[in-house]
Amino acid sequence: MTAVRLRSMEAGDAQAVADLHAASWRSAYRGMLTDEFLDHGVVADRQAVWTERLTEPVTTPAFGIVAEDADGQLIGFTYVLLNHDSTWGSLIDNLHVHPAAKGGGIGRQLLQAVARELGPAHSEPVFLWVLDANEPAKRFYARMGAEFAEYGMAPPFGGVSLPEWRCVWRDASVLLHA
Ligand SMILES: CC(C)(COP(=O)(O)OP(=O)(O)OC[C@H]1O[C@@H](n2cnc3c(N)ncnc32)[C@H](O)[C@@H]1OP(=O)(O)O)[C@@H](O)C(=O)NCCC(=O)NCCS
């Protein structure tokens, strides 16, 4: 298992998170999103999102967690929107591990950190959306005990609209033992 330091995401992480998000999409979503977007638009798109999220006044209850390697380089992150949906609970809006660090247990550590941050009093489900074409991530979420609860079309992003699954954990604490 890759040793990482987990800590809360801060405003000063906006650039590094945006860079890692763009690198992860370029690697994982090639062939799903357009080459034009992945080759030219994705960095500015992610920079705008993360700058706004982390440096503008907070309008939505949320938290982020980052994973750093021994050199302090950001190699993974997750971001959670609390109480996002009255039925499905809190939304894990992002979960990404650097393409070169995948398969080393960092994704699991980040999901478990989310469960710890939510705490034992969190009685709602936790959910996320995964693209149907993202087979590696679907296998990861299945391994983490997710229920594939609903299938539908994602809102357009990166120039396309794609089918996706709603993955749900009815009880977030099960992630601690996944
Ligand atoms: C999906 C992702 C977050 C998973 O994180 P990770 O660090 O690679 O996964 P981990 O090493 O923590 O894996 C945990 C468990 O899931 C399993 N797993 C992970 N990826 C898998 C895959 N592609 N196929 C089968 N099992 C997989 C691991 O084998 C491990 O199980 P084990 O302990 O029984 O061996 C990461 O690969 C990633 O960032 N992918 C690209 C971006 C992405 O698709 N993000 C999700 C968007 S919804």
Side-chain angles (χ1 to χ4, degrees), residues 1-29 42-86 88-130 134 136-137 140-141 143-146 157 166-178:
M1 186 170 80
T2 307
V4 289
R5 173 177 176 249
L6 300 175
R7 64 166 174 81
S8 297
M9 190 182 286
E10 300 162 0
D13 295 317
Q15 182 72 51
V17 170
D19 288 348
L20 176 50
H21 205 168
S24 182
W25 277 12
R26 281 178 167 162
S27 169
Y29 292 170
V42 69
V43 172
D45 178 274
R46 294 298 86 194
Q47 279 174 351
V49 165
W50 287 105
T51 301
E52 182 183 342
R53 270 187 169 175
L54 299 183
T55 66
E56 300 288 319
V58 174
T59 53
T60 311
F63 67 87
I65 298 168
V66 301
E68 292 176 332
D69 68 11
D71 299 323
Q73 295 296 310
L74 196 142
I75 56 171
F77 69 92
T78 185
Y79 194 78
V80 179
L81 303 173
L82 289 161
N83 311 324
H84 186 73
D85 185 285
S86 58
W88 302 103
S90 295
L91 168 62
I92 300 174
D93 198 32
N94 314 102
L95 176 66
H96 289 273
V97 172
H98 191 283
K102 289 195 287 191
I106 299 170
R108 174 191 271 126
Q109 291 178 69
L110 284 165
L111 280 185
Q112 293 184 335
V114 167
R116 279 196 300 277
E117 180 71 24
L118 291 172
H122 186 270
S123 55
E124 297 183 313
V126 181
F127 75 101
L128 57 78
W129 294 102
V130 61
N134 192 355
F140 167 73
Y141 294 129
R143 175 74 185 85
M144 294 295 102
F157 78 108
R166 189 196 296 270
C167 286
V168 181
W169 292 266
R170 305 272 170 181
D171 174 358
S173 70
V174 301
L175 284 166
L176 297 172
H177 314 289

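What you are looking at is a predicted structure, and each value in this text was computed from that prediction instead of being measured.
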Participant: How long is the span from the CG atom in Leu74 to the NE2 atom in His21, to the nearest 0.5 Å?
Facilitator: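 The CG atom of Leu74 sits 12.0 Å away from the NE2 atom of His21.
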Participant: Measure the shortest side-chain to side-chain distance between Trp50 and Asp13 over non-hydrogen atoms and say whether it is less than 4.5 angstrom.
Facilitator: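 Trp50 does not reach Asp13 side chain to side chain.
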Participant: For residues Glu68 and Ile75, report the shortest heavy-atom separation together with the two atoms involved.
Facilitator: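 Scanning both residues completely, I find the closest heavy atoms to be C-CG1, 4.3 Å.
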Participant: Among Ser27, Ser24, Pro136, whose side chain to side chain contact (heavy atoms under 4.5 Å, CB included) with Lys102 holds?
Facilitator: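 Exactly one candidate clears the test, Ser27.
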Participant: Measure the spacing between OH of Tyr141 and CG of Leu95 and express it to the nearest 0.5 Å.
Facilitator: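 The distance works out to 4.5 Å.
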Participant: So do Val43 and Arg26 actually touch side chain to side chain, heavy atoms under 4.5 Å?
Facilitator: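 Arg26 vs Val43: side chains touch.
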Participant: CD of Gln15 to CG of Leu20: how many Å apart, nearest 0.5 Å?
Facilitator: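 If we round to the nearest 0.5 Å, Gln15:CD and Leu20:CG are 12.0 Å apart.
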Participant: Taking all non-hydrogen atoms of both residues, which atom of Leu54 and which atom of Glu10 are closest, and how far apart?
Facilitator: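 Taking Leu54 first and Glu10 second, the nearest heavy atoms are CD1-O, 3.6 Å.
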Participant: Verify whether one side chain among Asn94 and Arg46 offers a donor that lies under 3.5 Å from an acceptor in the other.
Facilitator: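 Not at all, the side chains of Asn94 and Arg46 share no donor-acceptor pair under 3.5 Å.
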Participant: So Ile92 and Phe127, side-chain contact (heavy atoms from CB on, under 4.5 Å) or not? Walk me through it.
Facilitator: CA-CA 6 Å; Ile92 300 174; Phe127 75 101; over 6 Å; no
Participant: Measure the spacing between CH2 of Trp169 and CG of Leu128 and express it to the nearest 0.5 Å.
Facilitator: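 It comes to 4.5 Å.
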Participant: Which atoms form the tightest heavy-atom contact between Met9 and Thr78, and what is the distance?
Facilitator: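 So the minimum-distance heavy-atom pair works out to CE-O, 3.7 Å.
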Participant: Return the minimal non-hydrogen interatomic distance between Ala137 and Val130, and the atom names on each side.
Facilitator: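 Distance-wise, the nearest heavy atoms are CB-CG2, 3.8 Å.
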Participant: Looking at every non-hydrogen atom in both residues, tell me the closest pair between Ala62 and Tyr79 and how far apart they are.
Facilitator: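 Heavy atoms only, the tightest pair is CB-OH, 3.4 Å.
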Participant: Look up atom OG1 in Thr60 and atom CG in Leu81, then write down how far apart they are to the nearest 0.5 Å.
Facilitator: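 One gets 6.5 Å once the value is rounded to the nearest 0.5 Å.
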Participant: Nearest 0.5 Å please: distance from the CH2 atom of Trp88 over to the CZ atom of Arg170.
Facilitator: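 If I round to the nearest 0.5 Å, the distance is 5.0 Å.
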Participant: With distance as the sole test, does Arg108 use its side chain to make a donor-acceptor pair with the main-chain N or O of Ala178 at under 3.5 Å?
Facilitator: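 Yes; at least one donor-acceptor contact below 3.5 Å.
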Participant: Without placing hydrogens or testing angles, list every side-chain donor-acceptor pair under 3.5 Å for residues 110-122, not counting sequence neighbours.
Facilitator:
residue	atom	partner	partner atom	Å
Gln112	NE2	Leu175	O	3.0
Gln112	NE2	Leu176	O	3.4
His122	ND1	Glu124	O	3.2
His122	NE2	Ser90	OG	3.1

Participant: Is there a donor-acceptor pair closer than 3.5 Å between any side-chain N or O of Asp71 and the backbone N or O of Gln73?
Facilitator: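 No; judged by distance alone, with no hydrogens or angles, the pair does not exist.
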